[in-house]
Amino acid sequence: MIETIELFIKSALIDNVIFIQYLAICPFIGMTSDTEKATGMGLATTFVIILATAVTWPIYKFIMIPLHLEFLQTLFFILIIASLVQLVEFFLKKMIPGLYNAMGVYLALITTNCAVLGVTINCISKNYTYGQSLVYAFGTAVGFLLSMVIMSGVRTRLKVANIPQSFKGTPILYVCASLLSLAFLGFKGLIK
């Protein structure tokens, strides 16, 4: 049980997918201007990360390895992720059209979100069991959601802040992201 909690904390905070691994920067910058959009994107990506891991791990272990198709891992995983994103897109379009419209092109970009593919490949490369893979995926997804919400809060504050002209716009976003990344590096001492 302790190992499971450690794996969750490690994947969510210590090896945060955005602030430490520097994956998924495109939706991180593009979807954090509003907290509702950031949360929606985070939840949609969370669903896709967990479901992609739940589907790709057994396919890799029980189909690709016995058939010696490991070299097609990336191709297979991207096809699976694209299918899952289509399911999420259909669901949001039908059930939450406001969020679907607000997410725009970024929803379809979950397919190429390197965080989703990175999690599925990390589970295989780190030789996690199926249960460990799901915990790792859930922790990474929570870390992604946390990063998105934190940055949307920072961006809300930036709208009313007195920022020097040379830092307005994109430069201040990268300065804030850098400072948040340094803050997350502080979690490295939690688990050895």
Side-chain angles (χ1 to χ4, degrees), residues 1-32 35 37-61 73-74 76-85 87-89 91-92 103 106-154 177-178 180-192:
M1 182 66 173
I2 302 263
E3 292 166 359
T4 304
I5 294 170
E6 285 181 359
L7 181 59
F8 176 81
I9 291 171
K10 186 173 190 233
S11 60
L13 299 176
I14 297 168
D15 291 332
N16 184 278
V17 71
I18 291 178
F19 294 130
I20 303 301
Q21 296 181 43
Y22 306 113
L23 298 175
I25 299 298
C26 179
F28 175 69
I29 296 298
M31 290 296 296
T32 55
T35 303
K37 285 195 300 187
T39 304
M41 180 65 162
L43 291 173
T45 304
T46 296
F47 178 74
V48 172
I49 286 175
I50 294 168
L51 201 54
T53 302
V55 172
T56 56
W57 192 92
I59 287 175
Y60 184 82
K61 293 290 184 180
Q73 172 186 16
T74 304
F76 271 87
F77 287 9
I78 288 174
L79 290 173
I80 292 166
I81 292 165
S83 302
L84 295 173
V85 169
L87 288 174
V88 171
E89 199 168 342
F91 174 78
L92 288 178
M103 291 176 76
Y106 289 101
L107 182 59
L109 287 177
I110 294 175
T111 302
T112 58
N113 186 334
C114 54
V116 180
L117 182 61
V119 168
T120 58
I121 291 174
N122 278 346
C123 289
I124 300 300
S125 67
K126 293 181 180 189
N127 211 17
Y128 287 149
T129 65
Y130 188 67
Q132 289 172 325
S133 295
L134 293 177
V135 170
Y136 177 79
F138 181 64
T140 302
V142 168
F144 178 81
L145 177 62
L146 180 68
S147 301
M148 296 288 284
V149 171
I150 288 172
M151 190 60 174
S152 70
V154 168
S178 301
L180 287 168
S181 182
L182 285 172
F184 270 73
L185 278 174
F187 291 122
K188 283 284 187 191
L190 286 177
I191 297 175
K192 297 189 191 281

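- At a threshold of 4.5 Å between non-hydrogen side-chain atoms, the residues Phe8 and Val142 count as touching.
- Note on residues 2-12: pairs passing salt bridge (charged side-chain N to carboxylate O under 4.0 Å, His left out), not counting sequence neighbours, are Lys10-Asp15.
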**Message:** The test is side-chain contact (heavy atoms from CB on, under 4.5 Å); show your working for Tyr60 and Phe77 and say whether it passes.
**Reply:** CA-CA 9 Å; Tyr60 184 82; Phe77 287 9; 4.0 Å; yes

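- Other residues, nucleotides and ligands place more than 12 heavy atoms under 6.0 Å from the CZ atom of Phe184.
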When you look at Leu43 and Leu145, which way does the side-chain contact (heavy atoms from CB on, under 4.5 Å) test go after all the steps? CA-CA 7 Å; Leu43 291 173; Leu145 177 62; 3.9 Å; yes

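- For the pairing with Thr140, the side chain to side chain contact (heavy atoms under 4.5 Å, CB included) check across Ile18, Thr46, Val17 returns one residue only, Val17.
- Tyr128 meets the side-chain contact (heavy atoms from CB on, under 4.5 Å) test with Leu7, Cys123, Lys126, Gln132, Ser133, Tyr136; sequence neighbours excluded.
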Pair Thr56-Ile59, side-chain contact (heavy atoms from CB on, under 4.5 Å): steps then yes or no:
CA-CA 5 Å; Thr56 56; Ile59 287 175; 5.6 Å; no

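- Between the CD1 atom of Ile25 and the CZ atom of Phe19 there is a distance of 8.0 Å, given to the nearest 0.5 Å.
- Considering only heavy atoms from C-beta on, Ile124 stays 4.5 Å or farther from Ile121 through its side chain.
- Side-chain polar atoms of Ser181 and Tyr22 form a donor-acceptor pair below 3.5 angstrom.
- Minimum interatomic distance between Ala137 and Thr53 (heavy atoms only, all atoms of both residues): CB-OG1, 3.3 Å.
- Pairing each heavy atom of Ile49 with each of Val119, the nearest pair is CG2-CG1, 3.9 Å.
- In this structure, CZ on Phe28 lies 6.0 Å from CG on Leu180, to the nearest 0.5 angstrom.
- Closest of all the heavy-atom pairs between Ala38 and Thr32 is CB-CA, 4.1 Å.
- With rounding to the nearest 0.5 angstrom, the NZ atom of Lys37 is 10.5 Å from the OG1 atom of Thr35.
- Asn113 approaches Ala24 most closely through the heavy-atom pair OD1-CB, 3.2 Å.
- Just one residue in the list Thr120, Leu117, Leu79 forms a side chain to side chain contact (heavy atoms under 4.5 Å, CB included) with Thr74, and that residue is Leu117.
- Between Ala54 and Tyr130 the shortest heavy-atom distance is O-OH, 3.0 Å.
- Summarising the geometry of Pro27 relative to Phe144, their closest heavy-atom pair is CG-CZ, 4.3 Å, with the distance given to 0.1 Å.
- Atom-to-atom distance recorded for Leu51:CG and Leu134:CG is 10.0 Å, nearest 0.5 angstrom.
- Counting only residues at least two apart or on different chains, no salt bridge (charged side-chain N to carboxylate O under 4.0 Å, His left out) pair has a member in residues 142-153.
- Annotation: the span from Ser147 atom OG to Ile20 atom CD1 amounts to 9.0 Å, rounded to 0.5 Å.
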